[in-house]
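Below: one structure, written as structure tokens.
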Number of protein chains: 2
Amino acid sequence: MMPIRHNTIDTKPEDVPDLPSEKAQLDWVDKVILQSLIRDARLPRAELARRVGMSPPAVGERLRRLEETGVILGYHAQINPARLGFGLTIMIRAQPDTGQMADMIAAIEATPQIVRCERISDKNSLVAWAHVRSVAEMEQLTDRLMPHGKVDVSIVQSTPVEPRPLPLEKD
Amino acid sequence: MMPIRHNTIDTKPEDVPDLPSEKAQLDWVDKVILQSLIRDARLPRAELARRVGMSPPAVGERLRRLEETGVILGYHAQINPARLGFGLTIMIRAQPDTGQMADMIAAIEATPQIVRCERISDKNSLVAWAHVRSVAEMEQLTDRLMPHGKVDVSIVQSTPVEPRPLPLEKD
DNA sequence: AGTGAAAGATTTCAGGC
DNA sequence: GCCTGAAATCTTTCACT
């Protein structure tokens with residue numbers, strides 16, 4: 001199982017070194033680089049260098065540090081599931097039975113159509129998103145989760161706000 | 001307001017040209033290119049060319065077509081919100097009052113902390129995700145949505161499955 | 001659709017401040 | 001931490017199949 005990334009800042013004593021959940025000190029240059037790569041991850045370093053008025057090697061060094069300190073987690077192509085034959089997107093709300101949380105998460109992880117899953121505070125449940133090819137595939141998928149708890153499925157009708165970048169303060 | 005992308009294959013007569021929701025026919029080469037760029041969007045064309053045993057111009061041409069036909073929607077750097085000071089991730093479940101759907105969507109769109117939103121079939125409601133700096137900011141955010149309907153907030157505790165690629169059949 | 005070659009741009013690396 | 005400059009690599013264009 002993959003390590004689970006937590007979504008809040010964990011409290012910690014002052015003397016331990018940087019944790020990935022710590023707030024990073026970013027200057028204006030870092031923020032321009034980040035915003036640019038959030039919008040277009042394939043931008044050349046040379047272009048980033050022009051935007052911030054620095055040399056390409058300097059930008060390369062900044063990038064390396066942003067990646068190593070966990071500010072940048074990766075670069076991903078965003079694809080259109082419908083164009084790959086996955087015509088149906090669903091949201092799954094799963095409430096594991098007592099003692100079934102780990103098994104439910106394992107089952108979710110083992111289901112390749114599920115492309116992300118978050119654990120939320122409300123009723124200690126999980127919310128997962130999946131792309132499937134048909135209603136039959138949707139049914140098959142939920143059948144695999146149901147042994148571990150209550151499972152609810154909703155159809156995603158549209159995406160009023162596509163994944164978009166966080167606002168970064170000017171500085 | 002941005003055009004809304006629908007998440008299902010729309011039915012259409014056979015004679016109209018390609019729609020973005022149509023299934024594209026991809027060969028093995030396209031799939032290797034896609035999988036590679038989903039994992040690392042910054043891979044050079046030359047490297048992709050080596051992986052598929054083709055020349056760089058051929059890969060460039062493939063890429064151009066995948067982008068133009070809407071199979072690839074974009075390339076984005078994935079960042080760690082906690083490291084940018086947004087220590088709290090929340091899920092918002094919004095059920096617009098009668099006649100308030102458009103206004104609710106507009107309010108969601110106008111809220112920069114909300115990084116994505118999907119409309120689901122269950123109770124005709126919206127599910128949105130936001131990164132905020134504090135509980136106070138969370139409250140402020142929900143106050144802006146509440147005039148348009150019922151609003152429910154849950155805290156995201158962890159992410160058992162990080163955004164990951166869809167499985168592409170071997171061919 | 002794809003190739004190969006040439007011109008132009010980018011990345012990497014060394015050395016210096 | 002950033003710069004320059006040279007060498008290696010990558011991208012783009014184009015003539016050709």
Side-chain angles (χ1 to χ4, degrees), chain A residues 17-20 22-80 83-85 168-171, chain B residues 17-20 22-80 83-85 168-171:
Chain A
D18 253 14
L19 283 179
E22 284 270 294
K23 177 169 180 177
Q25 270 333 306
L26 306 175
D27 61 9
W28 174 84
V29 172
D30 288 323
K31 286 176 185 170
V32 171
I33 291 173
L34 280 177
Q35 286 286 30
S36 300
L37 289 176
I38 288 169
R39 274 184 244 281
D40 181 2
R42 283 184 73 75
L43 282 175
R45 286 161 169 58
E47 169 60 23
L48 298 173
R50 277 188 291 274
R51 293 189 185 184
V52 300
M54 275 185 179
S55 66
V59 170
E61 186 55 25
R62 295 261 189 165
L63 261 185
R64 195 192 51 72
R65 203 150 16 83
L66 288 170
E67 290 163 1
E68 280 186 358
T69 59
V71 175
I72 296 176
L73 297 173
Y75 309 93
H76 307 289
Q78 184 197 359
I79 57 159
N80 189 338
R83 303 236 31 171
L84 299 184
L168 303 183
E169 320 88 281
K170 293 277 176 285
D171 213 7
Chain B
D18 254 16
L19 282 178
E22 284 269 292
K23 176 169 179 179
Q25 59 299 330
L26 307 173
D27 61 9
W28 174 83
V29 172
D30 287 324
K31 286 175 185 169
V32 171
I33 291 174
L34 280 178
Q35 285 287 30
S36 300
L37 290 176
I38 288 169
R39 274 185 245 281
D40 182 1
R42 282 183 73 76
L43 284 174
R45 284 162 168 61
E47 169 60 23
L48 298 172
R50 277 189 293 272
R51 293 189 185 185
V52 299
M54 275 185 180
S55 64
V59 169
E61 184 55 23
R62 296 261 189 167
L63 261 186
R64 194 192 52 71
R65 205 152 10 85
L66 288 170
E67 290 164 1
E68 279 185 0
T69 58
V71 175
I72 296 177
L73 297 173
Y75 307 93
H76 307 289
Q78 183 197 358
I79 57 160
N80 188 337
R83 304 237 27 171
L84 298 184
L168 303 184
E169 320 89 278
K170 292 279 177 286
D171 214 6

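In this text, all values refer to a predicted model and were calculated from it rather than measured experimentally. The sequence lines fix the lettering, A, B, ..., with proteins before strands; numbering per chain opens at 1.
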Steps toward side chain to side chain contact (heavy atoms under 4.5 Å, CB included) verdict (B/L37, A/I79): CA-CA 10 Å; B/L37 290 176; A/I79 57 159; over 6 Å; no

Hey, mind stepping through B/L84 and A/K23 against side chain to side chain contact (heavy atoms under 4.5 Å, CB included) and telling me if it holds? CA-CA 6 Å; B/L84 298 184; A/K23 177 169 180 177; over 6 Å; no

Walk me through it: do A/W28 and A/V52 pass the test side chain to side chain contact (heavy atoms under 4.5 Å, CB included)? CA-CA 9 Å; A/W28 174 84; A/V52 300; 4.2 Å; yes

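For the pair A/R45 (side chain) and A/P57 (backbone), a donor-acceptor distance under 3.5 Å is absent.
Taking the side chain as every heavy atom from C-beta outward, B/I72 and B/L63 approach each other to under 4.5 Å.
In this structure, the separation between CG on B/D40 and CZ on A/R42 is 8.5 Å, given to the nearest 0.5 Å.
Shown here are the side chain to side chain contact (heavy atoms under 4.5 Å, CB included) partners of A/Q35, two or more places apart in sequence or in another chain: A/I38, A/R39, A/P165, A/L168. For B/R62, the side-chain hydrogen bond (donor to acceptor under 3.5 Å, both in side chains) partners at least two apart in sequence or on another chain are B/D27, B/D30. Partners of A/E68 by side-chain hydrogen bond (donor to acceptor under 3.5 Å, both in side chains), not counting sequence neighbours, listed by chain and number: A/R64.
A rotation axis mapping the C1' atoms of four pairs onto the next four is fitted at both ends of the helix from C/dA1-D/dT17 to C/dC17-D/dG1 over five pairs, and the angle between these axes is 30° to 10 degrees.
Closest approach of A/G70 to B/N80, counting heavy atoms only: O-CB, 3.2 Å. In terms of heavy-atom proximity, A/A49 sits nearest to A/P56 at CB-N, 3.7 Å.
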Atom pairs under 3.5 Å, N or O on each side, protein against nucleotides 6-10 of chain D: can you list them with distances?
{"from": "D/dC10", "atom 1": "OP1", "to": "B/R50", "atom 2": "NH2", "distance (Å)": "3.4"}

Tabulate protein N/O versus nucleotide N/O from nucleotides 1-5 of chain D, keeping only pairs under 3.5 Å, one per line.
{"from": "D/dG1", "atom 1": "OP2", "to": "A/R65", "atom 2": "NE", "distance (Å)": "3.1"}
{"from": "D/dC2", "atom 1": "OP1", "to": "A/R62", "atom 2": "NE", "distance (Å)": "3.1"}
{"from": "D/dC2", "atom 1": "OP1", "to": "A/R62", "atom 2": "NH2", "distance (Å)": "2.5"}
{"from": "D/dC3", "atom 1": "OP2", "to": "A/S55", "atom 2": "N", "distance (Å)": "3.0"}
{"from": "D/dC3", "atom 1": "OP2", "to": "A/S55", "atom 2": "OG", "distance (Å)": "2.6"}

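Bounding nucleotides for the chain A contact on DNA chain C, 5' to 3', at a heavy-atom distance below 4.0 Å, are C/dT10 to C/dC13.
Listed by first and then second residue, the side-chain hydrogen bond (donor to acceptor under 3.5 Å, both in side chains) pairs involving residues 49-59 of chain A are A/S36-A/R51, A/E47-A/R50, A/E47-A/R51 (not counting sequence neighbours).
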